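Take a look at the structure set out below.
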Amino acid sequence: HGNLEKVTITAGPDFEPELLLLEPRRLEIKIRFLGMNRVINVQKALERMAKPRGGGSAAIGIIDSAALWNDGIWQVNWDDSGCEVVPASRTPDITLSAPAFVQIATGYLPLEQLARRQDVEVSGDAQALARLFPAKKILVADFF
């Protein structure tokens with residue numbers, strides 16, 4: 001406070017400096033994208049994700065040329081007692097590249113924003129998909 005010239009704070013996306021700094025006259029905010037993710041097993045990732053209450057289903061199309069076992073359409077069926085993820089041959093509700101899938105599975109981006117990517121195609125119920133893949137506030141503080 002008083003004598004400080006510079007302070008660096010690493011904070012998550014929900015950090016509001018105006019609440020901490022009463023007089024933020026000279027405030028500079030930099031956004032740095034940290035961390036790296038890769039889904040090794042899409043089927044397991046879809047099984048382990050938290051699901052919305054009640055039942056539902058969605059067909060998720062994945063394009064993953066680096067891990068061909070992930071490539072394909074995955075039918076996700078869930079209810080309050082559990083979840084089943086199986087390969088499918090129907091039209092997917094959403095088709096994503098592997099990098100886009102990581103962003104939606106971790107909650108990094110909401111569906112509304114993710115759908116603007118060139119490697120994402122939403123062809124099913126966008127509201128149901130947004131409930132299945134909610135956005136989350138993420139903080140990666142491990143700089144390796």
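All heavy atoms count here, side chains included; hydrogens, waters and symmetry mates do not. Note that the numbering runs from 1 along the sequence shown for the chain. Being a predicted model, the structure only gives us computed values, none of them experimental.
Linking ILVMFWY residues whenever their side-chain heavy atoms come closer than 4.5 Å, directly or via other members, leaves I73 and V39 in distinct clusters.
Panel note: side chain D79, backbone G54; no donor-acceptor pair is recorded below 3.5 Å. No side-chain donor-acceptor contact under 3.5 Å links N70 to the backbone of A98. No donor-acceptor distance shorter than 3.5 angstrom exists from the side chain of N77 to the backbone of S57, with no hydrogens or angles considered. Side chain of W78 to backbone of A50: no donor-acceptor contact under 3.5 angstrom is found. With hydrogens and angles ignored, the 3.5 Å screen pairs a side-chain donor or acceptor of Q43 with a backbone N or O of V85.
Under the rule for a side-chain hydrogen bond (donor to acceptor under 3.5 Å, both in side chains), S65 has no partner lying at least two apart in sequence or in another chain. Shown here are the side-chain contact (heavy atoms from CB on, under 4.5 Å) partners of S97, two or more places apart in sequence or in another chain: P99, A100, R117, D119.
To the nearest 0.5 Å, atom OH of residue Y108 and atom CD of residue Q113 are 9.0 Å apart. The distance from atom CG of L46 to atom CH2 of W74, rounded to the nearest 0.5 Å, is 8.5 Å.
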Determine all donor-acceptor pairs shorter than 3.5 Å in which one atom belongs to a side chain in residues 120-134; sequence neighbours excluded.
unit_1	atom_1	unit_2	atom_2	d
S123	OG	P92	O	2.6
D125	OD1	Q127	N	3.0
D125	OD1	A128	N	3.3

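A heavy-atom distance below 4.5 Å is found between the side chains of C83 and V76. Between T95 and I63 there is a side-chain heavy-atom pair separated by less than 4.5 Å.
Judged as a salt bridge (Lys or Arg N to Asp or Glu O under 4.0 Å), the pairs with a partner in residues 37-56 (not counting sequence neighbours) are, in order, R38-D64. Pairs of residues two or more places apart, or lying in two chains, that qualify as salt bridge (Lys or Arg N to Asp or Glu O under 4.0 Å) and include a residue from residues 92-111 are R90-D93. Counting only residues at least two apart or in different chains, salt bridge (Lys or Arg N to Asp or Glu O under 4.0 Å) contacts with residues 94-107 are absent.
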- Item | CA sep, side-chain torsions, deciding dist, call: L111, I104, side chain to side chain contact (heavy atoms under 4.5 Å, CB included) | CA-CA 7 Å; L111 178 67; I104 201 169; 3.7 Å; yes
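Among all heavy-atom pairs drawn from T106 and Q103, the shortest one is OG1-O, 3.4 Å.
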